[in-house]
Amino acid sequence: MPRFFLTTAIDYANGEPHLGHALEKVGADAIARFHRQLGYDVHLLIGMDEHGQKVAQTAEKQGMPPQQFVDNIAAIFQAMWKRLGVSYDQFIRTTSPEHKDAVRRLIEQIFAADAKLPEAQRNFYERSYTGLYCVGCESFKQPADIVDGKCAVHPTRTLEEVTEHNWFFRLSAYTDRLKQLFADQPSFLQPDSRRNEILQLLEQGLDDISASRSRFDWGVPFPRPLSGGDTQTTYVWFDALPNYWTARFFPGFEQKAAWPANLHVIGKDITRFHTVIWPAMLMAAGEPLPAQVWAHGFISLGGERFSKSAGVKLTLDEAIDRYGVDAFRYYLLRDVPYDGDGSFSWERFEEVYNSDLANTLGNLASRSIAMIEKYRAGVVPSVTPEPELSTAHQAALAQARAAVDGDRRHRPHEAIAALMDNARRTNEYIQRTQPWALAKDPANAAALDVVLATLASSIAHCAAWLAPIMPHKMQALWQQLGGAGDVAAVRLDSPIDVGGWKVTKGDPLFPKPEPPAKAAQ
RNA sequence: GGCUGGGUAGCUCAGCUGGUGAGAGCGCACGACUCAUAAUCGUGAGGUCGAGGGUUCGAUCCCCUCCCCAGCUACCA
């Protein structure tokens, strides 16, 4: 059984989960679920990035120890992922002792490699960094952030020239190897739009980055003191990014999270960290690289971006409550291309819900099951489905497969488009064959058998293929069809034989919301 | 400023290396049907294919200029 180890970005524990987080997790979850149903041994890793100055500050403002603060946040995130049906196999937290130990191990591994290198080539070295420091932001400012010699965020404050002595990582030495990586392995970073950006960045050359900081201590102590004797705190690159690699040092996950990962799912804003810094770190440590990084786009709300640190205007609970978890998942995955950006609006959500879910899919199931009950006492005839529709059907499934596991992989929205096409085509088939007319004359019994079997087959395939998108609703549909067991266990790469299944019409899968109460005249 | 990718029907978008009538879904209008969640099916509406030049027998797809939009341009994560 081939394994498929995928990860999402770990979320910064500095606020509550919002739409942007949800898009990434639900997308990665769909990818994971599709792979499970295609026979992969899947391991989905998600988690929290809980260190750093901002977390420590926020905790302090709320008057609690940082660990307690991040414990609370982590619980909130996990509860939300459970609610959204994110089927993660491991939840990693950077404050875990296992992670912190493994971070030190990775750094020591690089030091060990350095011991064999001439000093001028060593990955880690000490260096003084002088920069303009904004007291208001409590951080160094880059030229782009400086307006008229002042910090753009705090124009009334004077920027101070501050010198800090840190451990540095010789990222600059990896420029050529990274270029080679991108040339040899075009699929390492996808989609191509992101890849192009990084190629351009590499053309400009890379600067070294700091690996430790002195200004905060909420983090992993850097394993080696500076020559002056001070111990600093491991900076974010060497703390957060390694989580993918440290996951296997947690008890019980040695095999499941075995390195390297097959896929890192991340937001496009952190592409550079995952495709430049992270591979360079791994190269330095002599570790294999992940097979692929997928940088998804963003979802906006009312024109505002939902990056990791943006404000929240729509709570996830609100979005879920209106039409249910599965409808929300469907909307996110169908309307926001996973290789691009999209936006959220209630108008659009309603449109998609009514058109796709209630009218096309829900009603298709409803009418088909009703006819099987009415004309064949609920038993799906054991005959071969209509070849013409089956052929189109196979084409649609092949298209969906390509969007999951083929040359269009990691584009759940394309899989959905193919599957809904199939549902529409099935509705058309009903109209064309008019089973209600066939039912009027017993002489047409054989023809009617074929139509009904074709419908059941088509819908069963839809249920199985849409299960990764809408796990609960498709399970309900599967049961209405008379399918045995858990639809999530159904393999997508083998045909489903529905002959003899006993269907049961249940409540509508996607009920139309109550029409708005008539306003009193 | 530099670089990259875009601007196609009301909306969201397909249109591979240029060639009979520019497409899909949604929405809208009209018609059909009744198995179904007043759902479904069919037909249609006729969009200067961002603007202006150019190459070509012929360009939405090639070249030039311009306008507009988005992203990237490295230590908040």
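Here the structure is a predicted model, which means the values were calculated and not measured. Convention: sequence-line order gives letters A, B, ...; per-chain numbering from 1. Just the heavy atoms: all of them, side chains too, but no hydrogens, waters or symmetry mates, feed the values below.
Residue A:Asp421 contributes atom CG, which lies 10 Å from atom P of B:C26 at whole-angstrom precision. Protein atom CG of A:Asn427 is 15 Å distant from nucleotide atom P of B:C35, rounded to whole Å.
Set against B:G42, B:C35, B:U37, the side chain of A:Trp436 has B:C35 as its closest nucleotide. Picking from B:C75, B:U37, B:C35 the nucleotide with the shortest atom distance to the side chain of A:Lys505 gives B:U37. Listed nucleotides: B:G25, B:U37, B:C35. Nearest to the side chain of A:Arg424: B:G25. When each of B:U37, B:A74, B:C75 is scored by its nearest atom to the side-chain atoms of A:Leu171, the top-ranked nucleotide is B:A74. Which of B:U37, B:A74, B:A70 sits closest to the side chain of A:Ala358 comes down to B:U37. Of the candidate nucleotides B:A74, B:G71, B:C33, B:G71 has the atom lying nearest to any side-chain atom of A:Lys268. Out of B:G25, B:C35, B:C75, the shortest distance to the side chain of A:Ile430 is found at B:C35. When distances are taken from the side chain of A:Glu351 to each of B:A74, B:G5, B:C26, the shortest belongs to B:C26. Distance from the side chain of A:Asp341 is smallest to B:A70 among B:C76, B:C35, B:A70. Taking every side-chain heavy atom of A:Met371 into account, B:C35 is the closest of B:C35, B:C75, B:C26.
Within 4.0 Å of A:Gly219, counting heavy atoms only, lies no atom of the nucleic acid at all. Among the protein residues, A:Gln200 comes within range of the nucleic acid bases, having at least one heavy atom under 4.0 Å from a base atom. As judged by a 4.0 angstrom heavy-atom cut-off over every strand, A:Phe273 is placed among the base-contacting residues. Using a 4.0 Å heavy-atom criterion, one finds that A:Gly362 contacts the bases of the nucleic acid, with or without backbone contacts as well. No contact: A:Leu199 has no heavy atom under 4.0 Å from any strand. As judged by a 4.0 angstrom heavy-atom cut-off over every strand, A:Leu509 is placed among the base-contacting residues. Residue contacts shown for A:Asp208 include a base, since a base heavy atom lies under 4.0 Å away. At a threshold of 4.0 angstrom between heavy atoms, the contacts of A:Ala370 are confined to the sugar-phosphate backbone, with no base atom among them.
Between A:Pro511 and A:Gln434, the one whose closest nucleotide on RNA chain B sits nearer the 5' end is A:Gln434. Between A:Pro337 and A:Ser366, the one whose closest nucleotide on RNA chain B sits nearer the 5' end is A:Pro337.
Between the base of B:C26 and the side chain of A:Ser355 there is no donor-acceptor pair shorter than 3.5 Å. Judged by atom type and distance alone, A:Arg213 reaches the base of B:C75 through a side-chain donor-acceptor pair under 3.5 Å. Contact annotation: side chain of A:Asn363 to base of B:A36, donor-acceptor pair present below 3.5 Å.
Within the 3.5 Å criterion, the main-chain N or O of A:Ser212 finds a donor-acceptor partner in the side chain of A:Asn166. Between the side chain of A:Trp81 and the backbone N or O of A:Phe91, no donor-acceptor pair lies under 3.5 Å. No side-chain donor-acceptor contact under 3.5 Å links A:His99 to the backbone of A:Thr95.
Ring pair A:Trp237/A:Phe273 is tilted by interplanar angle, where 30° to 60° counts as tilted. Using cut-offs of 30° and 60° for the angle between ring planes, the A:Trp501 and A:Trp478 rings count as perpendicular. Taking the six-membered ring for Trp and thresholds of 30 and 60 degrees, A:Tyr125 and A:Phe168 have ring planes inclined between 30 and 60 degrees apart.
B:U40 is paired with B:A32 under the criterion used here, namely a Watson-Crick or G-U wobble arrangement in which both key atom distances are under 3.5 Å.
B:G31 and B:A24 have their C1' atoms separated by 22 Å, with the value rounded to a whole Å. Taking atom P in both B:C41 and B:U34, the straight-line distance is 16 Å, to the nearest Å. As rounded to the nearest Å, B:G19 and B:C62 have P atoms that lie 11 Å from one another. Rounded to the nearest Å, the gap between the C1' atom of B:C67 and that of B:G21 is 32 Å. Nucleotides B:G27 and B:A45 place their C1' atoms 12 Å apart, quoted to the nearest Å. If you take atom P in B:G46 and the same atom in B:G23, they sit 15 Å apart, rounded to whole Å. Atom C1' of B:C57 sits at a distance of 22 Å from the matching atom of B:C49, rounded to the whole Å.
Side chain to side chain, A:Asp192 and A:Gln190 meet the donor-acceptor criterion of an N or O pair below 3.5 Å.
Note on A:Lys512: every side-chain N or O is 4.0 Å or more away from OP1 and OP2 of B:A38. OP1 or OP2 of B:U40 lies within a sub-4.0 Å distance of a side-chain N or O belonging to A:Asn359.
Tested against A:Phe344 for a side chain to side chain contact (heavy atoms under 4.5 Å, CB included), the candidates A:Val336, A:Ile299, A:Asp335 yield a single pass: A:Ile299.
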